[in-house]
Amino acid sequence: MCLTFYMITKLHSVGFEFEQFEHICSPGVTYYYNDNEYTIGGMWDGTPCSELEQKIAREGIWLPTEGDLVRWLELTHHDIAIQYVDSYYHGKASDEYGNIFEGSGGDLLCCLYKIIYKICKRKGTVKPEQILILDIEN
């Protein structure tokens, strides 16, 4: 599951950035492009993306998954705790200064989205720590 175009637009409006993941052409990554959602296909065996997939990744708007949002929280140095109570996710993230950001939702993605929205709304543009992404060949 990934964020909708509306959700990622709202996050970008308050300073959400994850530049190192935003234009990757890799199987399973989803983009909003020309009023449609596209998930990059291809093979996991290292077969290169088609020209159309590369164009979608380059020009489209990346729609992060739950895992991507958790990674963003990790790389922006936020500790997070999630509880699932009465069919609802409740989450708290804290930064190194003890600031607490809370969010909840009917699914984990919505809960994480609300937490990150509050973080960016209060702090402005928050850039994650750069990480080295390795391409592993057989």
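These numbers come from the heavy atoms of this one structure, side chains and all, not from hydrogens, waters or symmetry mates. Residues: numbered from 1 along the sequence shown.
- Taking the side chain as every heavy atom from C-beta outward, Glu17 and Thr125 approach each other to under 4.5 Å.
- Using a 4.5 Å heavy-atom threshold, the side chains of Tyr84 and His90 count as separate.
- Summarising the geometry of Leu112 relative to Glu66, their closest heavy-atom pair is CD1-O, 3.7 Å, with the distance given to 0.1 Å.
- Follow the hydrophobic side-chain contacts under 4.5 Å out from Leu69 and you never reach Tyr88; the two are in separate clusters.
- Between Glu102 and Ile115, every side-chain heavy-atom pair lies at or beyond the 4.5 Å cut-off.
- Contact of the Trp72 side chain with the Ile119 side chain is registered, since non-hydrogen atoms from C-beta on lie closer than 4.5 Å.
- No side-chain donor-acceptor contact under 3.5 Å links His12 to the backbone of Lys10.
- Scanning both residues, Glu53 and Gly41, for their nearest heavy atoms gives OE2-N, 3.0 Å.
- At a threshold of 4.5 Å between non-hydrogen side-chain atoms, the residues Val126 and Ile116 do not count as touching.
- Remark: Ile100 CD1 to Lys118 NZ distance equals 12.0 Å, nearest 0.5 Å.
- Heavy atoms of other residues, nucleotides or ligands lying less than 6.0 angstrom from CD of Glu51 number 12 at most.
- Checking Ile8, Thr9, Thr4 one by one against Tyr6, the side chain to side chain contact (heavy atoms under 4.5 Å, CB included) holds for a single residue, Thr4.
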Residue pair Gln83, Tyr89: steps toward the side chain to side chain contact (heavy atoms under 4.5 Å, CB included) verdict: CA-CA 6 Å; Gln83 290 184 313; Tyr89 290 88; over 6 Å; no
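- What you find for Gly103 and Cys111 is that their closest heavy atoms are O-SG, 3.4 Å.
- With sequence neighbours excluded, no residue forms a ring-ring contact (aromatic ring centres under 6.0 Å, His included) with Tyr117.
- Relative orientation of the Trp62 and Phe16 rings is parallel, given thresholds of 30° and 60° on the angle between their planes.
- Of all non-hydrogen atoms in Arg71 and Phe21, the two that sit nearest each other are CG-CE2, 4.4 Å.
- Of all non-hydrogen atoms in Tyr32 and Glu37, the two that sit nearest each other are CD1-CG, 4.1 Å.
- Listed for the Asn99 side chain is no donor-acceptor partner under 3.5 Å among the backbone atoms of Tyr97.
- Here the options are Arg122, Lys123, His77, the test is side chain to side chain donor-acceptor pair (under 3.5 Å), and the partner is Asp95; only Lys123 passes.
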Steps toward side chain to side chain contact (heavy atoms under 4.5 Å, CB included) verdict (Val29, Leu63): CA-CA 8 Å; Val29 180; Leu63 303 176; over 6 Å; no
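- For Cys25, the disulfide bond (SG atoms under 2.5 Å apart) partners at least two apart in sequence or on another chain are Cys49.
- You'll find the ring centres of Tyr38 and Tyr31 outside the 6.0 Å limit.
- Other residues, nucleotides and ligands contribute over 12 non-hydrogen atoms within 6.0 Å of the NZ atom of Lys114.
- Side-chain atoms of His23 come within 3.5 Å of backbone atoms of Arg58 as a donor-acceptor pair (strictly under, hydrogens ignored).
- Looking at heavy atoms from C-beta onward, Ile80 lies in side-chain contact with Ile82 at the 4.5 angstrom threshold.
- Taking 4.5 Å as the limit, every side-chain heavy atom of Leu11 sits out of range of all side-chain heavy atoms of Lys121.
- Distance check: Met1 CE to Thr30 OG1 gives 11.5 Å after rounding to the nearest 0.5 Å.
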